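First comes the structure, then the notes that go with it.
Note that the coordinates shown come from a computational prediction; the quantities given were computed from them, not determined experimentally. Within every chain, numbering begins at 1; the chains are lettered A, B, ... in the order of the sequence lines, protein sequences first and strands thereafter.
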2 protein chains.
Amino acid sequence: MFSIGELSKRTGVKIPTIRYYEQKGLIDEPERSAGNQRRYTKAGLNQLSFIRHSRDLGFTIDDIKGLLELSRHPEKPCHDAHSIAVRHLHDVQDRITKLRRLERELKRISKCDSGYVAECAVIEALADHEICIGEH
Amino acid sequence: MFSIGELSKRTGVKIPTIRYYEQKGLIDEPERSAGNQRRYTKAGLNQLSFIRHSRDLGFTIDDIKGLLELSRHPEKPCHDAHSIAVRHLHDVQDRITKLRRLERELKRISKCDSGYVAECAVIEALADHEICIGEH
DNA sequence: CTTGAAGCTATAGCTGCTAGAGGGATTATA
DNA sequence: TATAATCCCTCTAGCAGCTATAGCTTCAAG
């Protein structure tokens, strides 16, 4: 049995965040001590690790709810888990593409060798979308 | 003189968002019609275009406040604008790196050829951080 | 048995918007 | 000029995913 502080240390999830997950129905409500403090088991630890890991990978709370639900039913077909992961992969790839375009634009913009705002390429580029390389 | 709807159409910024920017002190309060409706000038349009473009490039509201402030003082040296842009560039590059790692991980994870949750690589990988390729 | 750390609930705040209610203003047409 | 359609107004609340604070209670070590 761990306290919430113990759980926090072991998973790297902050205490208020754990309580937030509980409130959102992401983790099961743990048992309580005589004095109403949360007491977690190994199962709770595993669940939270799963969540932590999934959040690190950028899955939303709702995605994770779905994944957790699935993991509770090992006998079910797994194409749902699959499609959540694939959808998320596409999402990530999309974000990468967009950020790359941005990177190019920012690199161009920040190559300003004027000393004053009046001729600064940064300000100019922001004021005038027309002079951008591609769209974003 | 444009109405807020006109301004919205011309800049692609939604009406409530324009009002939100005003409230946040990002744009100047425009004049009002006799019936208390906002009336914008060309200057307001330019300002909002600047903001729109900057937001598209991922600058925060605070960044933009700084940039706008600078653009109002063309006689000042521009290294501040510069450092805002460069900082943001680093930020973007950082995010790209992280997302690339994620992409690799998700690609690996979503190559699941089992049919059931019990042996599904997605679920398994999420439950057990140890089997990840790198850190994230 | 005391004391200090850790936990409790409830509420509010953060960013960057978006949506809705319940009204008033403007404008185009009849 | 009347009226209907469309626009705009303010105010409030909500979204994700937390984080912080206040004011209190409980736990564990000495």
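D:dA16 atom P lies 11 Å from atom CZ of A:Arg55, rounded to whole Å. Rounded to a whole Å, the CE atom of B:Met1 is 18 Å from the C1' atom of C:dT27. Taking atom CZ of residue B:Phe2 and atom P of nucleotide C:dT27, one finds them 15 Å apart after rounding to whole Å. Rounded to whole Å, the distance from CZ on B:Phe59 to P on C:dT15 is 18 Å. D:dT6 atom C1' lies 11 Å from atom CD1 of B:Ile15, rounded to whole Å. Straight-line distance from the CD1 atom of B:Ile61 to the C1' atom of C:dC17: 9 Å, rounded to whole Å. In this structure, A:Lys24 atom NZ and D:dG14 atom P are separated by 12 Å, rounded to whole Å. Rounding to whole angstrom units, CG of residue A:Asp63 and P of D:dG17 are separated by 9 Å.
Closest non-hydrogen pair, B:Cys78 versus A:Val117, comes out as CB-N, 3.6 Å. Taking each heavy atom of A:Thr41 and A:Phe2 in turn, the nearest pair found is O-CE1, 3.6 Å.
Taking a 6.0 Å sphere around CD of A:Glu75, one finds it holds more than 12 heavy atoms contributed by other residues, nucleotides or ligands. Other residues, nucleotides and ligands contribute more than 12 heavy atoms inside 6.0 Å of the CD atom of A:Glu6.
Side-chain proximity of A:Ser3 to the nucleotides D:dC8, C:dG16, C:dG7 is greatest for C:dG7.
A 4.5 Å side-chain heavy-atom check between A:Arg10 and A:Leu48 finds every atom pair outside the cut-off.
A salt bridge links B:Lys98 with B:Asp94: the closest approach of a Lys/Arg side-chain nitrogen to an acidic carboxylate oxygen falls below 4.0 angstrom. Under 4.0 Å is where a charged nitrogen must lie from a carboxylate oxygen, and between B:Arg52 and B:Asp56 at least one such pair does.
For residues 30-41 of chain B, proximity to DNA chain D is found at B:Arg32, B:Asn36, B:Gln37, B:Arg38, defined as any non-hydrogen atom under 4.0 angstrom from a strand atom.
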Show each protein N/O and nucleotides 19-21 of chain D N/O combination with a separation under 3.5 Å, one pair to a line.
residue : atom : partner : partner atom : Å
D:dT19  : OP2  : A:Thr17 : OG1          : 2.8

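Under 4.0 angstrom from either OP1 or OP2 of C:dC17 there lies at least one side-chain N or O belonging to B:Tyr21.
In this structure, A:Leu7 is a member of the same hydrophobic cluster as A:Ile15, with clusters built from ILVMFWY side-chain heavy atoms closer than 4.5 Å.
The main-chain N or O of A:Val13 is never found under 3.5 Å from a side-chain atom of A:Thr17 such that the two would form a donor-acceptor pair.
Looking at which nucleotide of DNA chain D each of B:Ile4 and B:Gln23 is closest to, the 5′-most match is held by B:Ile4.
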